[in-house]
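Worksheet: one structure, shown below.
Numbering of residues begins at 1 and proceeds along the displayed sequence. Below, all heavy atoms of this structure are taken into account, side chains as well, without hydrogens, waters or symmetry copies.
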Amino acid sequence: MNFENLSVTRVIIHQVFKRKADRQIQQPRYGAALQALGPEDTAALEDRIVSALGSPSRCMGMSLLVAGAGSAFQLARALADCDDALFVHHSRQMANLLAHAQERIDLPGGIVVVFSGSMGHPAQRIMGVIKAEAHSGFSFPDTGVLALTFLRNLVLTPGQKLYKMGVFVEVDPNQSNATSGNGWEAFLYDETAIERNKAAQYFYSTFLGLGIPVDSAQQTKSFYELTKKFITDLDVPEARKVELNTGLFSYLKVEQTPTIDRSTFATRFFATPEAQDAFTKYMDKNNFPAGAINKDISQIASLLRRRNFVFASDVRLSVPADSFEDLVKIEPIEGEPSADGSIPQWTKITVRDRLKSDK
């Protein structure tokens, strides 16, 4: 999904609170009017939204699981059609839904930014909601007024990381209806999540009615298999292939990010633009998605457990994948000259450990 040419046209701020000690909901504080953002604040908000939704490590495409009457999605869809006065009034329900979704008393309050606008070319309508939690040292003055200062401090400040965002994008107006999620796509951004299964479930599921796509495991497996084959077929030395496969193992298993993105992988691990372009064309040819996908290694967990190497003479080496780089060094060397004077290619293996047994 291309999130460029974003234009935010309406913004309103509400405030939700953590539950009381007796688990009762504390009524949200509602914004009384749309925020009058100047050009600088509008540009800052749009940049923050685009950066978040374009982040392969924190933004995930989601499935719309709850899209009927009373859902956050149908509320967002209705808000997109409202005039300004109704937008202000009905957006309060978004704060109410979030307050009800925060069922645990340890979940913090914060501001709720409800926004609408368009993106892309041709323009597609979007509706979004941001929950920004107060960072240490920030307090809400008890004035009854939800000021633009809150937005600047809790969302637009570059160092602010305590926020979550859900965005609905209308991709086909002809399919949009009041009973299902047809014609729309949903995206989740959670700055506090470092793993896909650590995204705040109360926010994306209970509040927004979203779910992690069920085919994530198959897509992750496909990425692994396609990338593995691409590396195998490369016309580069075997030592370089070992490096690339080490990168693949690290990218999928070691790095604690909730998504995988083929462009990110290509940029990080293929040294030349030509190799990066070749990888992109190869993935396109095999119909692999261009954007970030949710990472789920459940179908390839056994394949990622160990690195297995086979030499031409059928000598085999098996190493725990997690500690491969720390334990083993594999490098090509020139062997002893043969009878005809040719110099064979050998492999030097250094194991940073003592021999335990001969099995």
Next on the checklist: Please determine whether residues Y202 and L208 belong to a single hydrophobic cluster, defined as Ile, Leu, Val, Met, Phe, Trp and Tyr linked transitively by side-chain heavy-atom distances below 4.5 Å.
Outcome noted: yes
Item to check | Side chain to side chain, H100 and I25, heavy atoms closer than 4.5 Å | outcome: yes
Item to check | Joint hydrophobic cluster, V315 plus I349, side-chain heavy atoms closer than 4.5 Å | outcome: yes
Checklist entry - From L45 CG over to D41 CG, what is the distance, rounded to the nearest 0.5 angstrom? => result 8.5 Å
Checklist entry - How close do A69 and Q74 get, heavy atom to heavy atom, and via which atoms? => result N-CG, 4.3 Å
Checklist entry - Going by atom types alone, do Y251 and D261 pair a side-chain donor with an acceptor below 3.5 Å? => result no
Checklist entry - If you measure from CG on D190 to CE on M60, what distance do you get to the nearest 0.5 Å? => result 6.5 Å
Checklist entry - So, S71 side chain and G68 main chain: donor-acceptor pair closer than 3.5 Å or not? => result yes
Item to check | Pairwise side-chain contact, D81 with R125, heavy-atom cut-off 4.5 Å (strictly under) | outcome: yes
Next on the checklist: With side chain to side chain contact (heavy atoms under 4.5 Å, CB included) as the criterion, how do L317 and I330 come out once you've worked through the C-alpha distance, each side chain's angles and the decisive distance to 0.1 Å?
Outcome noted: CA-CA 11 Å; L317 174 68; I330 299 177; 4.2 Å; yes
Checklist entry - Only one of T227, T267, D284 forms a side-chain hydrogen bond (donor to acceptor under 3.5 Å, both in side chains) with R262, so which one is it? => result D284
Item to check | K241 NZ to D235 CG distance, which is reported to the nearest 0.5 Å | outcome: 7.5 Å
Item to check | For Y30, the option from V112, N96, I12 that meets side-chain contact (heavy atoms from CB on, under 4.5 Å) | outcome: N96
Next on the checklist: Quick check against the 3.5 Å criterion: does S250 have a side-chain atom that pairs as donor or acceptor with the backbone of V254?
Outcome noted: no
Next on the checklist: Quick check against the 3.5 Å criterion: does K131 have a side-chain atom that pairs as donor or acceptor with the backbone of G110?
Outcome noted: no
Next on the checklist: Show, in sequence, the C-alpha distance, side-chain angles and deciding distance for I126 and L6, and conclude whether the side chain to side chain contact (heavy atoms under 4.5 Å, CB included) test is met.
Outcome noted: CA-CA 9 Å; I126 68 168; L6 174 67; 3.2 Å; yes
Checklist entry - Between the main-chain N or O of F288 and the side-chain N or O of N286, is there a donor-acceptor pair closer than 3.5 Å? => result no
Checklist entry - If you look at every heavy atom in F168 and A76, which pair is closest and at what distance? => result CD1-CB, 3.6 Å
Checklist entry - Can you name the closest pair of heavy atoms from W184 and S176 and give their distance? => result NE1-OG, 2.9 Å
Checklist entry - Should E4 and H121 count as side-chain neighbours, where that means a heavy-atom distance under 4.5 Å? => result no
Checklist outcome for this item: What one should report as the nearest heavy-atom pair of A52 and C59 is O-CB, 3.4 Å
Item to check | Euclidean distance, F249 CZ relative to Y224 OH, rounded to 0.5 Å | outcome: 4.5 Å
Checklist entry - Got a donor-acceptor contact below 3.5 angstrom from the K221 side chain to the I300 backbone? => result no
Checklist entry - Would you say the side-chain atoms of Y282 pair up with the backbone N or O of L226, donor to acceptor, closer than 3.5 Å? => result yes
Next on the checklist: Does any part of the side chain of T42, heavy atoms only, come nearer than 4.5 Å to the side chain of V11, both counted from C-beta?
Outcome noted: no
Item to check | Check: E46 side chain, V8 main-chain N or O, donor-acceptor pair, under 3.5 Å | outcome: yes
Checklist entry - Does L75 share a hydrophobic cluster with L86, counting links as ILVMFWY side-chain heavy atoms below 4.5 Å and allowing steps through other members? => result no
Checklist outcome for this item: side chain to side chain contact (heavy atoms under 4.5 Å, CB included) filter on F17, not counting sequence neighbours, yields Q15, Q26, R29
Checklist entry - Any chain of hydrophobic side-chain contacts (each under 4.5 Å) joining F203 to I105? => result no
Next on the checklist: Under a 4.0 Å threshold between the charged nitrogen and the carboxylate oxygen, would E170 count as salt-bridged to R77?
Outcome noted: no
Next on the checklist: Once side-chain hydrogen bond (donor to acceptor under 3.5 Å, both in side chains) is applied, what residue pairs with a partner in residues 103-118 remain, sequence neighbours excluded?
Outcome noted: R10-S116, R104-D106
Item to check | Output field: ring centroids F265/F223 closer than 6.0 Å | outcome: yes
Item to check | Spatial distance of atom CG (L37) from atom CD (E40) [nearest 0.5 Å] | outcome: 11.5 Å
Next on the checklist: Any non-hydrogen side-chain atom of Q276 less than 4.5 Å from a side-chain atom of T280?
Outcome noted: no
Checklist entry - Q124 versus V171: any side-chain heavy-atom pair under 4.5 Å? => result yes
Item to check | Backbone N/O of K228 and side chain of N245: donor-acceptor pair under 3.5 Å | outcome: no
Item to check | Expected output: side-chain N182 to main-chain N177 donor-acceptor under 3.5 Å | outcome: no
Item to check | Heavy-atom side-chain proximity of F270 to L244 below 4.5 angstrom | outcome: yes
Next on the checklist: Before you tell me yes or no, could you show the steps for L53 and M165 under side chain to side chain contact (heavy atoms under 4.5 Å, CB included), namely the whole-Å CA-CA distance, both residues' side-chain angles and the distance that decides it to 0.1 Å?
Outcome noted: CA-CA 9 Å; L53 297 178; M165 182 190 313; 4.1 Å; yes
Checklist entry - Rounded to the nearest 0.5 Å, what separation is found between the CD atom of Q299 and the OG1 atom of T220? => result 8.5 Å
Next on the checklist: Is it the case that the side chain of S51 and the backbone of R48 share a donor-acceptor pair, with hydrogens and angles ignored and the cut-off at 3.5 Å?
Outcome noted: no
Item to check | salt bridge (charged side-chain N to carboxylate O under 4.0 Å, His left out) contacts touching residues 242-254 (sequence neighbours left out) | outcome: R240-E243, K253-D322
Next on the checklist: Set out, in order, the CA-CA distance, both residues' side-chain angles and the distance that settles side chain to side chain contact (heavy atoms under 4.5 Å, CB included) for I231 and F269, then state yes or no.
Outcome noted: CA-CA 11 Å; I231 294 171; F269 296 104; over 6 Å; no
Checklist outcome for this item: Correct closest heavy-atom pair for S216 and N294 would be OG-CB, 3.3 Å
Checklist entry - Taking the side chain as C-beta and beyond, is there a heavy-atom pair between L65 and F73 under 4.5 Å? => result no
Item to check | Nearest non-hydrogen partners of C82 and F87, listed with the distance | outcome: CB-N, 3.7 Å
Item to check | V66 reachable from M62 in the ILVMFWY side-chain graph, under 4.5 Å edges | outcome: no
